[in-house]
Structures are given as structure tokens and as C-alpha cells.
Engineer: 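Have a look at this one before I ask anything.
Atoms within each ligand, like the ligands themselves, are counted from 1 in listed order. Atom set for the values below is all heavy atoms of this structure, side chains included, hydrogens, waters and symmetry mates excluded. Residue numbers count from 1 along this sequence.
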Amino acid sequence: MKNSKTLTNLARSFAGESQAGLRYQIIAELCIKQGYNTLATEIKTIAKNEVNHAKTYYDLLTDRNGTARNMEICAGYPFEKLTIEDGLKFSMDAEREEAENIYPEFAKIAAEEGFEEIAKKFELTAKVEKKHEQIFRFLYENFKNGTLFKNSKPAYWECSECGHIETLKEAWSICPLCGASQGFVQLKLN
Ligand SMILES: [Fe+2]
Ligand SMILES: [Fe+2]
């Protein structure tokens, strides 16, 4: 393991997933500040997934390599002040890159180097990132088009605060039961 590419790839995965986890939390906080509470909830769920990916890779790395080694790894660290729309686009693109290129490549290398169990973890992660890409795509497109709370046909909407439900083409701007704003209406992810 010591001189393998897979060891470096585990460290890169840990770094990338840690970054993604925190970046998504930052975007979620921005959503809350602007009143998009259920959008923030969806993003926080994905952030939690990324933190758990990071932990998985941390454990794989330390189990194989011991705990007392400092590794220097080279990676991109983009710093940009993002709007919600930019943040959703950034996240969607990052997830696609992970799902289609990064993890399949890491899996291939791990298999070639004889680390079957680690190759499997990379493959499973790629599948999750594909799902994340789809969620971010939905959020990005609907946020950009102003259709997060609109539907072409009457749809079932629910207030995440009080549970108020109604079937409408567009969700209420203020909940008639509890007064929560539209940003608290549950999103429709599919
Ligand atoms: Fe991840
Ligand atoms: Fe992801």
C-alpha cells in the first residue's frame, strides 16, 4: 500500500469529500439566510453524505497505513464567493466530475493495484455522486427558473413547519395555517 497510487487517491478522496461537505453546508447557510429553508435541508442531507464519505476514506487510509503519517497531496481548492444559483451549479458540476471521471478512475487504479475492497468503495461512491448530481441539477434548474414551488399541473404541497397540505399549481406564499413563508414548503425532488 505504501507506495501505491491508491493510497494517494484515498487521501485525495478524504480531502475532496471533506471540502464538499463543508462547501454544501456553507451553501445551505446561504439558503437559510435568504429564506429557502427546505432547499437548505436538501443540501444539508447531501453535505452529511459527503462527510460520511470522507470518514469512510479516512478509515480506509488509517487502517492500512497507520495513523502517524503526514501526507502531502496536491489538489484544487476553488475559493469563490457564490450566490445560491452559482453554488448549485458548482455543486452539480463537481458531482458529475466525481461520478463520471474521478471515482471510476480511482476504482480502476485500485483494482489494478489489487485493492478490490477499496475499488468497490470507489465504485459505490460514484453511484451516490451520480444521484447527487441529479438532485443538484433539479435544484439548480428550478431555482434558476423560479419554479421550485410551481408545477405545470396541480401538485400536492406540504408545509414543513405545520404540515399544512394543499393541491395547487403554485404553493402558497404564506402558509394559511402557520404563516411560514414559501421557503418552508417541501420541495419535490422527482
Ligand atoms: Fe461524496
Ligand atoms: Fe456527492
Engineer: Which value, rounded to the nearest 0.5 Å, describes the distance between L139 atom CG and L187 atom CG?
Structural biologist: 6.5 Å

Engineer: Kindly indicate whether a cation-pi arrangement holds for K188 with W157, taking the cut-offs as under 6.0 Å to the six-membered ring centre and within 45° of the axis.
Structural biologist: yes

Engineer: Can the ring centres of F136 and F143 be said to be less than 6.0 Å apart?
Structural biologist: no

Engineer: Okay, side chain of S4, backbone of L7: is any donor-acceptor separation there less than 3.5 Å?
Structural biologist: yes

Engineer: Strictly under 2.8 Å of the Fe ion (ligand 2): which protein N/O/S atoms qualify?
Structural biologist: E50 OE2, E95 OE1, E95 OE2, E129 OE1, H132 ND1

Engineer: Only one of H53, Q134, R96 clears side-chain hydrogen bond (donor to acceptor under 3.5 Å, both in side chains) with E129; which?
Structural biologist: H53

Engineer: With a 6.0 Å cut-off on the ring centroids, do F122 and Y57 count as close?
Structural biologist: yes

